[in-house]
Amino acid sequence: MKVFAHRGYSGRYPENTMLAFRKAAETGCDGIELDVQLTKDGTVVVIHDETIDRTTDGTGFVKDITYEELKKFDADAVWGGIHGFESVPTFEEYCKWAKNQELITNIELKTGVYYYKGLEEKTLELVRKYGLEEKVIFSSFNHSSITRLKGLAPEILCGALLDHQGLGNAGYYCDRYHFECYHPGVKGLTKETVDNCREYGILVNVWTVNDMAALEQVYEWGCDGVISNFPEVCKRWAQSKEL
Ligand code: G3P
Ligand code: MG
């Protein structure tokens, strides 16, 4: 079972920052999950919320701020500055680093609240520029976005992202729309859904697995990956099961 660091090693470091990504890689985890959006000037940036208020010392919508303005805000401010200044990374900055890592990157296209024109194309262009095509999985709560991505790049893996309610007959659905992966919230996931996905050859990567009981459960059900704020704990536990 693969372990993905959710927004990087976000349990211990400021989420979606290069620091959180480097620290995740140090844990020996298999992959990193991150979120992408577009700034006012069309730069693909790595950030979870549509506004910068919660995760930086700035305010406003990502779509209304240029990257030149955005990079001045501190993503470590919410941690009291204990790690030093951390900017919101561009996705290109991430790709430059990731091309030399043995990591799978789960790129979540954040188009569920605001549909950024061209986010799929711009993100894909960077993936191709850095030769990461075989080391990424695109996902989105907005399945129009991954359908669009599939149309542009049928060879790249895509995952249908669902909230904790999940989706009945998820394996059939993913197969029908050529999504190779199903990414459900852990709370409502059932063995039946995992079995249904397996029946259709769909990989199941579950988010956000932050407690041991859930980790054991999804492992027993045969899930393919967990997305966790604590990749170190999950990876050590998964390795112990392989011994
Ligand atoms: O991709 C899994 C997970 O990140 C989805 O939820 O809100 O943390 O982006 P969220
Ligand atoms: Mg996400």
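From a predicted model like this one, the values you see are computed outputs, not experimental measurements. These values consider heavy atoms only, across backbone and side chains, with no hydrogens, waters or symmetry-generated copies. First listed ligand is number 1; within each ligand, the first listed atom is number 1.
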### Query
For Cys29, does its backbone N or O pair with a side-chain atom of Thr27 as donor and acceptor, under 3.5 Å?
yes
### Task
Before signing off on this row, confirm whether Glu108 and ligand 1 have an N or O atom pair separated by under 3.5 Å.
yes
#### Entry: Where ligand 1 meets Lys110 - atom numbers and elements under 4.0 angstrom, heavy-atom basis
7 (O), 9 (O), 10 (P)
### Query
Counting each atom of ligand 1 from 1 as listed, which ones have a heavy atom of Arg7 under 4.0 Å away?
7 (O), 8 (O), 10 (P)
### Query
Nearest non-hydrogen atom to atom 7 (O) of ligand 1 belongs to which of His48, His6, His183?
His48
### Task
From the options Phe141, Trp207, Phe4, select the one whose nearest heavy atom is closest to atom 2 (C) of ligand 1.
Trp207
### Summary
At under 4.0 Å between heavy atoms, what of Thr208 touches ligand 1? The answer is neither
### Task
Using only N, O or S atoms, tell me which atom of Glu108 is closest to the Mg ion (ligand 2).
OE1
## Note on the structure
Ser228 and Val209 have their tightest heavy-atom pair at OG-O, 2.8 Å
## Note on the structure
Note: Val44 and Lys122 closest approach over all heavy atoms is CG2-CB, 3.7 Å
### Distance in Å, Glu68 CD paired with Thr43 OG1, rounded so as to fall on 0.5 Å steps
8.5 Å
### Summary
Separation between NZ (Lys71) and CZ (Phe85), nearest 0.5 Å, reads 9.5 Å
### Query
Between Phe4 and His183, is the ring centre distance below 6.0 Å?
no
### Task
Run the numbers for me: atoms of ligand 1, each under 4.0 Å from some heavy atom of Asp35, listed by number.
9 (O)
### Task
Report yes if Glu33 has an N/O atom closer than 3.5 Å to an N/O atom of ligand 1; otherwise report no.
yes
### Task
Specify which N/O/S atom of Glu33 comes nearest to the Mg ion (ligand 2), by atom name.
OE2
### Task
Starting at CH2 of Trp79, measure out to OH of Tyr13 and round the result to the nearest 0.5 Å.
8.5 Å
### Message
Checking one value in my table: which N/O/S atom of Asp35 lies closest to the Mg ion (ligand 2)?
### Response
OD1
### Query
If you count the atoms of ligand 1 from 1 in the order shown, which ones are under 4.0 Å from a heavy atom of Leu161?
1 (O), 2 (C)
### Message
Which heavy atom of Phe21 sits nearest to which heavy atom of Tyr94, and what is that distance?
### Response
CD1-CD1, 3.5 Å
